Amino acid sequence: MTRMKITPEEALAYHLEPRPGKYEVIASTPMATQRDLSLAYSPGVAVPVQAIADNPAAAYDYTVKGNMVAVISNGTAILGMGNLGALASKPVMEGKAVLFKRFADVNAIDIELDTEDPEEIIKAVSLMGPTFGGINLEDIKAPECFIIEQRLKEIMDIPVFHDDQHGTAVICVAGLINALEISGKKIDEVRIVLNGAGAAGIACLELMKAMGATHDNCIMCDTKGVIYQGRTEGMNQWKSAHAARTDLRTLDEAMVGADVFLGVSAKGAVTQAMVASMADNPVIFAMANPDPEITPEEAHAVRADAIVATGRSDYPNQVNNVLGFPYLFRGALDIHARAINDEMKIACARALAALAREDVPDEVAMAYGRKLSFGRDYIIPTPFDPRLIYVIPPAVAKAGMDTGVARRPIIDMKAYEHSLKARMDPTASILQGIHARAKQAQARMIFAEGDDPRVLRAAVAYQRAGLGKALVVGREADVKEKLEAAGLGDAVRELDIVNAANSRHLEAYKEFLYQRLQRDGFDRHDVHRLAGRDRHVFSALMLQHGHGDALITGVTRKSAHVLSLINHVFDAKASDGAVGVTALLHKGRIVLIADTLVHEWPDEVDLANIAVKAAGVARNLGLEPRVAFVSFSTFGYPVSERATKMHAAPRVLDKMGVDFEYEGEMTVDVALNAEVMAQYPFCRLSGPANILVVPARHSASISVKLMQEMAGATVIGPILTGVKKPIQICSTNSTVNDILNMAVMAACKVG
């Protein structure tokens with residue numbers, strides 16, 4: 001796997017656009033009318049206020065407390081970058097907040113405290129206790145982090161969790177459970193060497209000892225060597241607690257005969273000679289970031305029997321904290337826990353280990369880029385495993401209940417698991433899967449409009465994300481100038497810049513075009529002008545002749561005009577079976593709308609064919625199609641000439657014998673709302689529709705743009721399908737991310 005290249009300009013743009021930062025606060029209750037405001041604030045708010053005053057536990061019922069975590073830092077140990085201050089830590093803490101939401105549907109707010117005084121932090125955080133259901137401490141340097149966490153645990157009645165310590169420890173232990181099983185060893189017998197006596201290292205060793213590792217079999221090292229009983233230099237109370245009775249003094253000496261190495265230290269701290277001296281089937285967790293103590297390649301070169309994990313996503317067995325903290329807090333919040341204790345952390349680790357031993361779903365393998373099965377290169381689940389949300393929190397919750405920290409135990413664990421599944425955001429996993437498929441495809445992507453900075457930025461992002469080769473149609477000097485203006489001047493050497501003037505295939509393109517268009521009123525002069533001067537036609541000719549694998553265009557011209565130009569080279573008209581399908585992503589839901597590009601006023605046969613093509617797009621996205629033919633009427637009422645074809649289209653599908661669910665005609669609320677749909681017990685759909693086939697292109701366009709502008713839906717498309725080769729036409733108001741998403745769709749041949 002190649003490591004993704006992220007430039008400073010891309011990172012800054014991501015945090016700047018479309019609005020500064022990474023999240024916003026949205027009201028979850030109505031706020032439109034005077035009555036709404038009266039209920040939300042005065043006088044209605046007085047009722048829950050009194051209820052909470054009478055019974056503090058009611059805060060979990062009437063406020064967001066039960067699903068709200070504070071992500072708190074003072075910026076003294078930022079991501080291995082060191083002490084850069086509270087304000088500089090804010091992007092990291094915002095990122096942590098959105099990870100909570102993305103992976104476990106936990107609301108989180110970042111709070112940066114501008115002090116290095118532990119007492120001030122303890123005071124500030126403790127005073128915030130009524131607001132939150134849990135506290136996630138982050139990027140606070142040792143030893144202050146130990147003092148702060150311990151004191152807060154003592155004085156607060158909600159979970160306090162320093163993720164740099166315990167998050168790493170939980171994932172590390174999960175991997176170790178499986179690594180020891182593969183190597184046939186037991187935790188109470190193995191010799192463990194830890195390099196890095198900071199917060200994460202100490203927490204790893206403490207959790208392993210809680211699981212059965214013996215004290216004198218655990219050797220901790222820091223920059224001064226082995227931490228042994230009697231050592232005085234560079235010691236503190238936390239290191240002293242793990243001082244071993246040993247004559248070993250250096251990391252080299254400690255590694256001889258060791259079964260397990262845990263590294264949370266620095267790049268290159270472990271040599272091949274050290275690895276060679278370890279016991280049979282050594283377990284090596286080289287977790288230094290961004291570069292491990294020793295790479296898997298270096299370790300395997302001297303020990304083919306080694307089981308190796310790192311902190312990096314471009315190697316197997318990534319020790320990634322996102323596998324732990326969202327689900328630990330999810331389980332803890334759902335039992336209104338007073339704390340996250342060792343038993344809950346161990347339960348999380350064991351559940352993660354057990355999940356890695358189960359059969360891996362295809363969508364997980366797709367996201368990871370290869371088939372996965374339990375073994376030396378797969379001892380830890382991947383962050384994109386959809387089972388994490390409903391496997392890990394129940395294990396954590398049960399451990400919390402068994403150890404008496406639950407205020408509100410869960411009675412029906414099966415119902416709880418079902419509720420967790422409902423929290424999953426399908427849009428995230430689907431997009432992740434598509435990006436993984438695109439990475440495997442390695443398509444040569446033709447970006448037709450190389451004079452637009454958005455297109456150029458998307459092309460650079462496509463190539464640097466490892467998705468494939470970007471072919472930009474444009475003039476080299478112009479492309480270079482625009483890239484430099486965008487802060488991406490170095491990228492001009494990475495892209496292939498092509499145009500009619502430097503193409504050795506131009507004559508072949510023109511001859512093909514003449515043969516295709518000569519009976520449509522085009523002479524050789526017309527063909528020369530089209531092939532040599534129109535970038536859309538030139539790009540389509542490149543694709544037609546196999547000089548690229550897919551095409552992205554439409555950013556600078558209206559889609560109808562671009563489609564007419566592409567039709568000079570390909571058969572992409574309604575009569576040829578082409579269809580446009582737009583994906584709307586909103587609040588964890590995906591709905592496809594068709595036809596949004598090609599058919600102006602389809603009849604019932606056209607509508608049936610549109611449904612078939614849209615179902616194909618849905619399946620390519622990983623959805624099981626449920627088609628609704630929508631109108632302003634439902635199942636024949638009110639009677640209208642305009643609704644007749646929508647009523648007839650399902651009958652056409654009946655005769656075609658298709659293999660997906662469909663029904664109609666119906667209004668949109670019937671199609672999308674399960675409760676309203678239930679009023680029609682004869683309806684053939686097993687659940688809300690995920691494909692809406694609309695009466696005409698104008699109604700499709702209105703629907704999409706209304707959802708985009710009023711509801712803030714993410715729009716991908718229109719996705720062009722039914723054409724011989726992958727072509728996707730963006731809209732003129734596309735962002736860089738929109739263009740990149742369309743390129744990914746083209747690479748995966750979703751259309």
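In this text the structure is predicted, and so the values were computed from the model without any measurement.
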Handout entry: From Val723, Ile729, Ile727, Val569, residue fulfilling side chain to side chain contact (heavy atoms under 4.5 Å, CB included) relative to Leu551
Key = Ile727
Practice task
Starting at CD of Glu665, measure out to CG of Leu607 and round the result to the nearest 0.5 Å.
Solution key: 12.0 Å
Handout entry: Close side-chain approach of Leu99 and Glu94, heavy atoms under 4.5 Å
Key = no
Exercise for the section: Begin with the C-alpha distance, continue with both residues' side-chain angles, and end with the deciding distance and a verdict on side chain to side chain donor-acceptor pair (under 3.5 Å) for Asn67 and Tyr60. Expected result: CA-CA 8 Å; Asn67 194 41; Tyr60 287 90; over 6 Å; no
Handout entry: Heavy atoms of other groups near Lys613 NZ, more than 12 under 6.0 Å
Key = yes
Problem - Inter-residue atom distance Glu417.CD - Lys421.NZ, 0.5 Å rounding - result: 7.0 Å
Completion exercise
Here the pair of heavy atoms bringing Ala351 nearest to Ala395 is CB-CB, 3.8 Å
Exercise for the section: Report yes if some heavy atom in the side chain of Leu355 is under 4.5 Å from a heavy atom in the side chain of Arg387; otherwise report no. Expected result: yes
Practice task
Take the angle between the ring planes of Phe447 and Tyr462 and call it parallel below 30°, perpendicular above 60°, tilted in between.
Solution key: perpendicular
Exercise for the section: State, yes or no, whether a side-chain contact exists between Ile109 and Val71 at a heavy-atom distance under 4.5 Å. Expected result: no
Exercise for the section: Quick one: do Asn107 and Lys101 satisfy side chain to side chain donor-acceptor pair (under 3.5 Å)? Show the steps, please. Expected result: CA-CA 6 Å; Asn107 296 320; Lys101 189 67 176 177; 2.9 Å; yes
Fill in the blank from the handout: Nearest heavy-atom approach of Pro393 to Arg330 is CG-CG, 3.7 Å
Under 3.5 Å donor-acceptor pairs involving side-chain atoms of residues 709-720, not counting sequence neighbours:
none

Problem - Carboxylate-amine/guanidinium contact Arg408 Asp61, below 4.0 Å - result: yes
Problem - Under-4.0 Å salt bridge between Lys414 and Asp412 - result: no
Handout entry: Minimal non-hydrogen separation, Leu597 against Asp595, with atom names
Key = N-OD1, 2.7 Å
Practice task
For the residue pair Val579 and Asn609, establish whether any side-chain heavy-atom pair is separated by less than 4.5 Å.
Solution key: no
Problem - Test item: side-chain donor near acceptor, Thr382 and Asp385, under 3.5 Å - result: no
Exercise for the section: Any salt bridge (Lys or Arg N to Asp or Glu O under 4.0 Å) involving residues 567-582? Give me the pairs, sequence neighbours left out, ordered by first then second residue. Expected result: Arg516-Asp571, Lys573-Asp576
Exercise for the section: Report yes if the distance between the aromatic ring centroids of Phe329 and Phe100 is under 6.0 Å, otherwise no. Expected result: yes
Handout entry: Pair Glu604 + Lys645, salt bridge at N-O below 4.0 Å
Key = no
Practice task
To the nearest 0.5 Å, tell me how far Ile593 CD1 sits from Ser703 OG.
Solution key: 5.0 Å
Practice task
Give a yes-or-no answer on whether the side chains of Asp36 and Thr33 include a donor-acceptor pair shorter than 3.5 Å.
Solution key: yes
Less than 3.5 Å apart, which donor and acceptor atoms pair up between the side chains of residues 682-695 and the rest of the protein, not counting sequence neighbours?
| unit_1 | atom_1 | unit_2 | atom_2 | d |
| --- | --- | --- | --- | --- |
| Arg684 | NE | Glu663 | OE2 | 3.4 |
| Arg684 | NH1 | Asp654 | OD1 | 3.2 |
| Arg684 | NH2 | Glu663 | OE1 | 3.4 |
| Ser686 | OG | Glu661 | OE1 | 3.1 |
| Ser686 | OG | Glu661 | OE2 | 2.7 |
| Asn690 | OD1 | Arg626 | N | 2.8 |
| Asn690 | ND2 | Glu624 | O | 3.0 |

Practice task
Find the distance between OH (Tyr416) and CD1 (Ile410) and round it off to the nearest 0.5 Å.
Solution key: 4.5 Å
Exercise for the section: Test the Lys96-Phe325 pair against the cation-pi criterion, namely NZ or CZ under 6.0 angstrom from the six-membered ring centroid and within 45° of the ring axis. Expected result: yes
Exercise for the section: For side chain to side chain donor-acceptor pair (under 3.5 Å), just list the numbers for Thr735 and Asn737, CA-CA rounded to whole Å, side-chain angles, deciding distance to a tenth of an Å, and then say yes or no. Expected result: CA-CA 5 Å; Thr735 65; Asn737 201 51; 5.5 Å; no
Handout entry: Under-4.0 Å salt bridge between Glu449 and Arg557
Key = no
Problem - Modelled atom types, side-chain donor and acceptor of Ser731 and Asn733, under 3.5 Å - result: yes
Exercise for the section: Measure the shortest side-chain to side-chain distance between Val455 and Ile739 over non-hydrogen atoms and say whether it is less than 4.5 angstrom. Expected result: yes
Practice task
Kindly give the heavy-atom pair with the smallest separation between Ala700 and Thr596, and that separation in Å.
Solution key: CB-CG2, 3.5 Å
Exercise for the section: Please check if atom OH in Tyr62 has more than 12 non-hydrogen atoms from other residues, nucleotides or ligands closer than 6.0 Å. Expected result: no
Exercise for the section: Please tell me if the side chains of Thr582 and Lys705 come closer than 4.5 Å, counting only heavy atoms from C-beta onward. Expected result: no
Exercise for the section: For residues Pro381 and Leu388, report the shortest heavy-atom separation together with the two atoms involved. Expected result: CB-CD2, 4.4 Å
Practice task
Evaluate the side-chain contact (heavy atoms from CB on, under 4.5 Å) criterion for residues Asp105 and Leu420: first the C-alpha distance (whole Å), next the side-chain angles of each, then the deciding distance (0.1 Å), finally the verdict.
Solution key: CA-CA 9 Å; Asp105 195 25; Leu420 291 170; over 6 Å; no
Exercise for the section: Nearest 0.5 Å please: distance from the CZ atom of Phe629 over to the CE atom of Met666. Expected result: 10.0 Å
Problem - Pair Thr553-Arg535, side-chain donor/acceptor within less than 3.5 Å - result: no
Handout entry: Positive for side chain to side chain contact (heavy atoms under 4.5 Å, CB included) with Asp549, one of Lys725, Gln442, Arg444
Key = Arg444
Completion exercise
Closest non-hydrogen atoms of Pro726 and Leu543, given as atom of the first, atom of the second and distance, are O-CD2, 3.6 Å
